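Order of the sequence lines fixes the chain letters, A, B, ..., with proteins taken first and strands second; residue numbering starts at 1 for each chain. The shown structure was predicted, so the numbers you read here are calculated from the model rather than taken from an experiment.
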Amino acid sequence: MTDKYIALVDCNNFFVSCERVFNPRLRDVPVAVLSNNDGCVVARSQEVKDLGIPMGIPVFRVREKLEKNGVRTFSSNFVLYGDMSARVQKTLSHFSYDIEPYSIDESFLGVKGMTAKQVRQWGQEIVSTVYQWTGIPVSVGIGRTRTLAKLANHIAKKNPEYSGVFSSDDPHMADWMARYPIEEVWGIGRRLAKKCRSHGITSVKDLRDADRKWAAKYLDTVGTRTVLELNGEECITTTVPSKTRSIIRSRSFDPPIIDFDTLYRTLSLFVATAAGKIREKKLCTKHITLFIMTSRFIEDNYYGSVPVILDRATNNTIELMKIMKIGLRRIYRTGRRYKKGGVVFSSLVDEDAVQLPLSESVDERFQNRTEKILSVMDTVNKKIGEGTVKLGSYQFINKKTDKKEQLSKRFTTSWQDIPVVKAK
DNA sequence: TCTGGGGTCCTAGGACCC
DNA sequence: TCTGGGGTCCTAGGACCC
């Protein structure tokens with residue numbers, strides 16, 4: 001047994017907490033943050049959780065309940081959340097050199113050379129310092145593996161008596177495991193949970209003690225890894241992908257899009273931002289997938305997708321735009337009400353590794369010229385602000401296809417929105 | 001009427017080869 | 001009519017995550 005511990009630091013009700021930092025009046029009232037187009041509930045304050053409003057529920061199904069209980073709702077403000085996330089990260093960097101950001105509101109921290117008691121104190125310091133420096137409440141779960149740290153975090157969050165920090169070394173861990181259902185385990189989703197239950201495995205403890213041969217047979221590699229991790233054997237040594245595998249840009253449309261031109265302009269924007277993203281990472285794509293779909297919830301729904309494999313990987317917006325237009329013509333069906341669409345770039349390769357053709361064709365010269373234009377555009381957009389310079393094909397996007405009616409201000413990133421303290 | 005967006009990993013199965 | 005076996009590579013789709 002090594003002296004290494006892994007801590008999972010997870011922000012409590014992160015999006016809601018961000019809204020509350022800059023609007024103290026929201027402190028003791030129920031608050032919910034909605035997804036894009038204000039379609040679903042994606043973050044809830046404790047008061048909203050207590051009302052029995054589940055994560056991800058469509059707003060129209062709980063609208064009455066939200067109104068009746070005076071729930072304050074907000075459109076998601078990713079500029080604000082992204083900036084607050086960076087502040088939390090920066091604070092965490094004072095506590096460990098071994099930080100692995102896992103999502104917008106979670107990070108794994110590695111620590112060595114501390115006793116069990118010291119590591120708990122260290123966790124308490126994280127909780128108080130992050131709150132003091134950023135205003136965001138966090139919980140800390142500690143374990144020998146990421147799966148155990150996740151579980152410990154869950155316990156810390158749900159049980160106030162632990163003041164936000166729980167370690168899987170705690171003598172009560174076994175009791176908690178016996179009481180927690182397998183669904184709470186990281187990596188156990190609907191399918192694996194069903195499989196476990198059909199074999200009489202219902203609690204986390206059952207899963208930890210499951211026969212390994214049985215696990216290998218019925219739970220495959222992922223599930224088996226989870227069983228080992230619950231036993232303190234580290235199988236997941238990193239959650240940081242070695243490099244970006246794919247990039248997706250997609251949105252649902254409200255109201256739906258019917259005509260080809262609007263769809264084309266909207267997807268052009270996706271292509272442009274995705275291409276900008278891979279240029280930033282110095283990558284090229286070789287495999288482009290385009291998709292459009294009507295509502296999944298209607299009968300006779302339609303899903304059209306077209307994969308295009310390129311001879312030569314590229315990150316050139318103009319080139320990608322042409323491919324997209326050809327693909328869109330193939331999958332577009334007249335008269336449909338498209339609710340969602342997007343573009344996926346996969347098979348990403350390093351820019352340097354892209355093979356150049358032997359001779360420079362006319363197309364090639366065109367491409368070299370457009371590459372220069374794009375690099376100037378990227379620079380300008382980065383310096384002055386996203387969307388300062390755009391290509392003609394997507395400059396007239398209908399703003400109505402992206403509904404955000406209850407957006408809070410960009411308190412931390414926009415001069416106009418910085419909160420002002422008024423003296424009497 | 002109204003149902004998010006962005007990722008990774010694994011596996012089954014087809015294509016192809018000897 | 002009968003129609004190998006085993007390997008690799010690739011992709012689509014499912015599962016899972018936040």
Separation of [X] atom [atom1] from [N] atom [atom2], in whole Å?
| X | N | atom1 | atom2 | value |
| --- | --- | --- | --- | --- |
| I309(A) | dC9(C) | CD1 | P | 17 Å |
| K150(A) | dC16(C) | NZ | C1' | 11 Å |
| E184(A) | dC18(C) | CD | P | 11 Å |
| R44(A) | dC18(C) | CZ | C1' | 13 Å |
| I236(A) | dC16(C) | CD1 | P | 14 Å |
| N12(A) | dC18(C) | CG | C1' | 15 Å |
| L192(A) | dC9(B) | CG | C1' | 13 Å |
| W186(A) | dC18(C) | CH2 | P | 8 Å |

Q | C1' gap between dG4(C) and dC17(B), integer Å | A |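 Looking at atom C1' only, dG4(C) and dC17(B) are 14 Å apart.
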Anything under 3.5 Å between a protein N or O and an N or O of nucleotides 11-15 of chain B, put it in a table, one pair a line.
{"residue": "dT11(B)", "atom": "OP1", "partner": "T221(A)", "partner atom": "OG1", "Å": "3.3"}

Checking all strands, does [X] fall into the base, sugar-phosphate, or nothing category for heavy-atom contacts under 4.0 angstrom?
| X | result |
| --- | --- |
| D105(A) | sugar-phosphate |
| V62(A) | nothing |
| I188(A) | sugar-phosphate |

Within 45 degrees of the ring normal and closer than 6.0 Å to the centroid, is that where the cationic atom of R333(A) sits relative to Y302(A)?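 Here R333(A) fails the 6.0 Å and 45° test against Y302(A).
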For Y303(A) and F291(A), take the angle between the two ring planes, folded into 0 to 90°, and tell me which bin it lands in: parallel under 30, tilted 30 to 60, perpendicular over 60.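 Geometry flag for F291(A) against Y303(A): parallel rings.
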Relative to each other, are the rings of Y332(A) and Y338(A) parallel, tilted or perpendicular (30° and 60° limits)?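 Judged by the thresholds at 30° and 60°, the geometry between Y332(A) and Y338(A) is tilted.
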> Measuring from I288(A):CD1 to F345(A):CZ, what's the distance to the nearest 0.5 Å?
Replying inline: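 Here the rounded value is 5.5 Å.
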Side chains of [X] and [Y]: donor-acceptor distance under 3.5 Å anywhere?
| X | Y | value |
| --- | --- | --- |
| S45(A) | R72(A) | no |
| D83(A) | T412(A) | yes |
| Y5(A) | D169(A) | yes |
| N315(A) | E351(A) | yes |
| E19(A) | Y81(A) | yes |

Inset, instruction - Name all stems that contain residues of DNA chain C, defined as runs of 3 or more consecutive Watson-Crick or G-U wobble pairs, both distances under 3.5 Å. - result: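 Stem list for DNA chain C: B:5-18 with C:5-18.
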Tell me if a side-chain donor or acceptor on S75(A) pairs with a main-chain N or O of Q406(A) at a distance below 3.5 Å.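 Present.
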- Message: Are more than 12 heavy atoms, taken from residues, nucleotides or ligands other than R337(A), located less than 6.0 Å from that residue's CZ atom?
- Response: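 Counting neighbours around CZ of R337(A), 12 or fewer heavy atoms of other residues, nucleotides or ligands fall under 6.0 Å, so no.
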Show me the protein contacts with nucleotides 1-7 of chain B, counting only N or O atoms at under 3.5 Å.
{"residue": "dT3(B)", "atom": "OP1", "partner": "K339(A)", "partner atom": "NZ", "Å": "2.1"}
{"residue": "dG4(B)", "atom": "O4'", "partner": "S35(A)", "partner atom": "OG", "Å": "2.9"}
{"residue": "dG4(B)", "atom": "O3'", "partner": "S252(A)", "partner atom": "OG", "Å": "3.2"}
{"residue": "dG5(B)", "atom": "OP1", "partner": "S252(A)", "partner atom": "N", "Å": "2.5"}
{"residue": "dG5(B)", "atom": "OP1", "partner": "S252(A)", "partner atom": "OG", "Å": "3.1"}
{"residue": "dG5(B)", "atom": "OP2", "partner": "S252(A)", "partner atom": "N", "Å": "3.2"}
{"residue": "dG5(B)", "atom": "OP2", "partner": "S252(A)", "partner atom": "OG", "Å": "3.1"}
{"residue": "dG5(B)", "atom": "O3'", "partner": "R251(A)", "partner atom": "NH1", "Å": "3.1"}
{"residue": "dG6(B)", "atom": "OP1", "partner": "R251(A)", "partner atom": "NH1", "Å": "3.1"}
{"residue": "dG6(B)", "atom": "OP2", "partner": "S250(A)", "partner atom": "N", "Å": "2.6"}
{"residue": "dG6(B)", "atom": "OP2", "partner": "S250(A)", "partner atom": "O", "Å": "2.8"}
{"residue": "dG6(B)", "atom": "OP2", "partner": "S250(A)", "partner atom": "OG", "Å": "3.1"}
{"residue": "dG7(B)", "atom": "OP2", "partner": "I248(A)", "partner atom": "N", "Å": "2.6"}
{"residue": "dG7(B)", "atom": "OP2", "partner": "I248(A)", "partner atom": "O", "Å": "3.3"}

- prompt: Are F74(A) and F15(A) close enough that their ring centres sit under 6.0 Å apart?
  reply: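 Aromatic pair excluded; centres sit 6.0 Å or further apart.
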